[in-house]
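The figures here come from the full heavy-atom set of this structure, side chains too, leaving out hydrogens, waters and symmetry mates.
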Amino acid sequence: MAGAAAGATDLRLVPALAEPAPVRGADAPSGSARSGASAVPAVIRTLVVDSHRLVRAGIRALVEDQPDLTVAGEAATGEDAVALARRTRPDVVVMDAGLGGADVLQSIRQILAAPGEVNVLLLMNSETDQCIFEALQAGARGLLVKDSDSYELLHAVRVVANGEALLSPRLMRRVITRFVSLVPSLGPAPDQLAELTAREREVMALVAGGLSNEEIADRLVISPATAKTHVSRALRKLDARDRAQLVGLAYETGLVVSQCA
């Protein structure tokens with residue numbers, strides 16, 4: 001990836017900081033629905049890809065300490081990651097962006113091109129617009145900066161395994177700023193925005209704030225399934241392709257106001 005600097009991961013991999021996500025009855029991982037028809041597995045199988053053995057060991061220890069996560073394998077290169085992903089078909093591939101520009105992007109494309117549903121969570125070395133958009137275009141479902149703590153990493157793995165997109169807040173800010181500046185014409189017509197209910201607008205604003213369906217449910221005191229329904233209806237009514245475009249529309253239409261300088 002252009003501009004990405006190779007180096008040791010800065011994630012603070014301290015198992016003591018990590019706590020399993022709350023499991024609530026029918027919303028437990030084994031019964032929740034992905035974006036689509038498939039269900040989240042009872043145990044999320046994770047493939048760890050990093051050129052540093054010590055970093056891989058740290059992530060493995062962190063993941064294996066969680067009752068709903070396990071490590072399906074480890075790889076040190078993009079080529080090995082592709083082969084191992086095809087063989088083990090993990091739910092999430094946690095990949096270091098520092099593997100190398102063309103290598104990591106091509107590896108993401110090859111992993112996603114194989115049969116089955118695999119989601120990629122990329123640990124970002126660089127926060128440049130080019131690196132962010134290259135990763136998204138390659139198909140990465142989640143982007144996490146490397147100074148994130150262990151809880152954020154575990155949360156990201158669970159969100160991505162659920163088929164949802166996740167960007168670190170400051171990466172999201174860059175995406176929003178770039179989106180609004182480059183694509184001002186994608187805002188829906190006033191009558192389209194008027195089709196949203198008050199609750200759907202509220203949910204749309206929370207999506208723009210970077211909240212997952214689970215977090216929206218907690219904030220509004222509703223079930224995650226209801227939160228997901230509101231998001232889906234907003235996507236459909238605004239003819240938005242995905243959550244990232246929904247975020248852009250939220251800012252473009254003035255539903256929320258950017259705090260960027």
key: Candidate list Val63, Asn162, Val94, test side-chain contact (heavy atoms from CB on, under 4.5 Å), partner Val157, passing option   =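 For Val157, the side-chain contact (heavy atoms from CB on, under 4.5 Å) check succeeds only for Val94.
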inquiry  = Consider side-chain contact (heavy atoms from CB on, under 4.5 Å). Of Ile111, Thr88, Val92, Asp91, which one does Val118 pass it with?
reply    =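 Option passing the side-chain contact (heavy atoms from CB on, under 4.5 Å) with Val118: Ile111.
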To check you understand the geometry: which heavy-atom pair defines the closest contact between [X] and [Y], and what is its length?
X: Leu99; Y: Gly78; result: CD1-N, 4.0 Å
X: Val49; Y: Ala81; result: CG2-CB, 3.6 Å
X: Leu153; Y: Leu62; result: CD2-CD2, 3.8 Å
X: Val203; Y: Ala227; result: CG1-O, 4.4 Å
X: Glu214; Y: Pro224; result: OE1-CG, 3.4 Å
X: Thr70; Y: Val43; result: CG2-CG1, 3.6 Å

Is there a donor-acceptor contact under 3.5 Å from the side chain of [X] to the main chain of [Y]?
X: Arg89; Y: Pro115; answer: yes
X: Arg109; Y: Gly139; answer: no
X: Asp50; Y: Asp96; answer: no
X: Ser168; Y: Val145; answer: yes
X: Arg158; Y: Asp68; answer: no

Is there a side-chain contact between [X] and [Y] (heavy atoms, below 4.5 Å)?
X: Leu238; Y: Leu196; answer: yes
X: Glu195; Y: Glu200; answer: no
X: Pro90; Y: Thr46; answer: no
X: Leu121; Y: Met95; answer: no
X: Val104; Y: Glu134; answer: no
X: Arg243; Y: Leu167; answer: no
X: Ile222; Y: Arg199; answer: yes
X: Leu123; Y: Ile59; answer: yes

At what distance, to the nearest 0.5 angstrom, does [atom1] of [X] lie from [atom2] of [Y]?
X: Ser212; Y: Arg219; atom1: OG; atom2: CZ; answer: 10.5 Å
X: Ile216; Y: Ser223; atom1: CD1; atom2: OG; answer: 12.0 Å
X: Glu164; Y: Asn213; atom1: CD; atom2: CG; answer: 4.0 Å
X: Leu112; Y: Ser107; atom1: CG; atom2: OG; answer: 10.5 Å
X: Leu84; Y: Leu47; atom1: CG; atom2: CG; answer: 5.0 Å
X: His230; Y: Met204; atom1: NE2; atom2: CE; answer: 14.5 Å

ask   = side-chain contact (heavy atoms from CB on, under 4.5 Å) between Leu235 and Asp242: does it pass, once the steps are laid out?
value = CA-CA 7 Å; Leu235 286 167; Asp242 51 31; 5.5 Å; no
Arg56/Glu74 ion pair, N-O < 4.0 Å =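 Judged by the 4.0 Å cut-off on N to carboxylate O distance, Arg56 and Glu74 do form a salt bridge.
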message = Between Leu220 and Thr226, is the side-chain contact (heavy atoms from CB on, under 4.5 Å) condition met? List the steps.
response = CA-CA 10 Å; Leu220 300 181; Thr226 299; over 6 Å; no
task = Evaluate whether atom CD of Glu64 has more than 12 neighbouring non-hydrogen atoms of other residues, nucleotides or ligands under 6.0 angstrom away.
result =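 Above 12, so yes.
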inquiry  = Applying side-chain contact (heavy atoms from CB on, under 4.5 Å) to Glu215 and His155, what does each step give before you reach the verdict?
reply    = CA-CA 11 Å; Glu215 292 167 329; His155 173 69; 3.5 Å; yes
request  = Evaluate side-chain contact (heavy atoms from CB on, under 4.5 Å) for Arg86 paired with Gln110, printing each intermediate quantity in order.
outcome  = CA-CA 9 Å; Arg86 288 175 175 170; Gln110 291 176 351; 4.0 Å; yes
